[in-house]
Visitor: 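Take a look at the following structure, please.
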Amino acid sequence: MLGKCENILLGIGAAAVILLGLLITASVVTRSLFGVALPDTIVLVRELMVAAIILPLAATTAARNHVSVSFFTDRLSARIRGWCIIFGSIVGMLALLPLIYSAGREFLHLASSGSFYFGDLNLPKWPGRAIFVVGIAVCWIRLLTLAVTDIRAGAETTGLAESGH
């Protein structure tokens, strides 16, 4: 179930990247050829960037494909590397909690107040915050499942330590 959700979010993130490219291209072309700016391009690009970056985060975490510097940990035993990976998952979970709380509060405030961006389209602010909260929350859940799975597997598992690189 979590894997399906991650794949859906990954697909939406990929679609956001494609839409970003199309929107920026259309904006440049219309401005260059016709002297006309597309309405609220900056707002749309900013909101699509959130989707493009945050939504694939859980799938990246599940694949253990985050950028890492393993200069020090490569010199450690497989068991200690495994515990470092578990420690990293737990620290990641702790780091995401304030983001989830703060973004969730802001989303609820914006959704209830009806705040919008001033511009030609008067776009609401809450969808971008909702995307952020969903992306970070699913990533937190993935970190939790990784930590629990890794702890159950034991830090002695060589595959655990090697899959973190």
Side-chain angles (χ1 to χ4, degrees), residues 1-74 84-85 88-147 162-165:
M1 174 71 176
L2 185 56
K4 264 188 179 178
C5 181
E6 290 166 349
N7 285 336
I8 290 169
L9 295 178
L10 181 62
I12 295 170
V17 170
I18 293 167
L19 284 173
L20 271 166
L22 292 173
L23 181 62
I24 292 168
T25 301
S27 178
V28 169
V29 168
T30 58
R31 196 177 288 264
S32 306
L33 297 179
F34 308 112
V36 177
L38 294 178
D40 293 336
T41 304
I42 294 172
V43 172
L44 290 169
V45 166
R46 182 175 34 204
E47 297 298 305
L48 285 171
M49 287 293 286
V50 171
I53 294 168
I54 297 298
L55 293 180
L57 198 56
T60 303
T61 301
R64 299 181 192 259
N65 282 335
H66 290 288
V67 174
S68 65
V69 178
S70 55
F71 172 75
F72 176 71
T73 55
D74 282 348
C84 287
I85 291 168
S89 293
I90 293 169
V91 168
M93 288 169 38
L94 293 174
L96 291 181
L97 282 176
L99 287 173
I100 294 168
Y101 175 75
S102 174
R105 283 186 50 167
E106 184 178 2
F107 162 71
L108 292 174
H109 170 71
L110 292 174
S112 66
S113 69
S115 293
F116 60 92
Y117 293 106
F118 292 103
D120 295 334
L121 302 177
N122 290 330
L123 299 170
K125 290 183 176 181
W126 66 265
R129 299 328 189 275
I131 289 169
F132 185 84
V133 172
V134 167
I136 294 294
V138 173
C139 184
W140 189 90
I141 294 167
R142 173 50 72 188
L143 282 170
L144 176 64
T145 60
L146 286 176
E162 290 175 357
S163 64
H165 298 289

Visitor: Minimum heavy-atom separation for A51 and A16, please, with both atom names.
Guide: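 In this case the closest contact between A51 and A16 is CB-CB, 3.8 Å.
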Visitor: What pair of heavy atoms forms the shortest contact from E6 to A62, and how long is it?
Guide: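 Scanning both residues, the minimum pair turns out to be OE1-CB, 3.5 Å.
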Visitor: Working to the nearest 0.5 Å, report the span between OG1 of T60 and CD1 of I53.
Guide: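 Atom-to-atom, T60:OG1 and I53:CD1 are 11.5 Å apart.
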Visitor: Side-chain atoms of residues 89-102: list all donor-acceptor pairs with protein atoms under 3.5 Å, sequence neighbours left out, distances to 0.1 Å.
Guide:
from, atom 1, to, atom 2, distance (Å)
S89, OG, I85, O, 3.4
Y101, OH, R105, NH1, 3.2

Visitor: Of all the heavy-atom pairs spanning A37 and R31, show the shortest one and how long it is.
Guide: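 Nearest heavy atoms, A37 then R31: CB-NH2, 3.2 Å.
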Visitor: In residues 126-134, what donor-acceptor pairs under 3.5 Å come from side-chain atoms, sequence neighbours left out?
Guide:
from, atom 1, to, atom 2, distance (Å)
R129, NE, E106, OE2, 3.0
R129, NH1, Y117, OH, 3.3
R129, NH1, K125, O, 3.4
R129, NH2, E106, OE2, 3.2

Visitor: Apply the side-chain contact (heavy atoms from CB on, under 4.5 Å) test between L2 and each candidate in I141, L144, N7; give the one that qualifies.
Guide: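 Testing each of I141, L144, N7 against L2, the sole residue satisfying side-chain contact (heavy atoms from CB on, under 4.5 Å) is I141.
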Visitor: Rounded to the nearest 0.5 Å, what separates atom CD1 in I136 from atom CG in L55?
Guide: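 Interatomic distance, I136 CD1 to L55 CG, rounded to 0.5 Å: 9.5 Å.
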Visitor: Is there a donor-acceptor contact under 3.5 Å from the side chain of T61 to the main chain of L57?
Guide: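 At least one qualifying donor-acceptor pair exists.
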Visitor: Indicate the atoms forming the closest heavy-atom contact of I54 with G135, along with that distance.
Guide: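 Smallest heavy-atom distance, with atoms named: CG2-CA, 3.6 Å.
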Visitor: Other residues, nucleotides and ligands only: do more than 12 of their heavy atoms fall within 6.0 Å of CG on L108?
Guide: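 Counting other residues, nucleotides and ligands, CG of L108 exceeds 12 neighbours.
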Visitor: Of all residues at least two apart in sequence or in a different chain, which pass the side-chain contact (heavy atoms from CB on, under 4.5 Å) check with S113?
Guide: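 S113: side-chain contact (heavy atoms from CB on, under 4.5 Å) contacts with H109, S115.
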Visitor: Checking F72 now: which residues fulfil side-chain contact (heavy atoms from CB on, under 4.5 Å) with it, not counting sequence neighbours?
Guide: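 For F72 the side-chain contact (heavy atoms from CB on, under 4.5 Å) partners, ignoring immediate neighbours, are L76.
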Visitor: According to the salt bridge (charged side-chain N to carboxylate O under 4.0 Å, His left out) rule, which pairs have a member within residues 35-45, sequence neighbours left out?
Guide: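 Pairs touching residues 35-45 that pass the test: none.
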Visitor: Please report the shortest heavy-atom distance between S27 and L38, naming the atom on each side.
Guide: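 Nearest heavy atoms, S27 then L38: N-CD1, 3.6 Å.
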Visitor: Who passes side chain to side chain donor-acceptor pair (under 3.5 Å) against T30, sequence neighbours left out?
Guide: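 Partners of T30 by the side chain to side chain donor-acceptor pair (under 3.5 Å) criterion come out as none, since no residue qualifies.
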Visitor: Of L121, L123, L44, which meets side-chain contact (heavy atoms from CB on, under 4.5 Å) against P39?
Guide: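 When side-chain contact (heavy atoms from CB on, under 4.5 Å) is applied between P39 and each of L121, L123, L44, only L121 qualifies.
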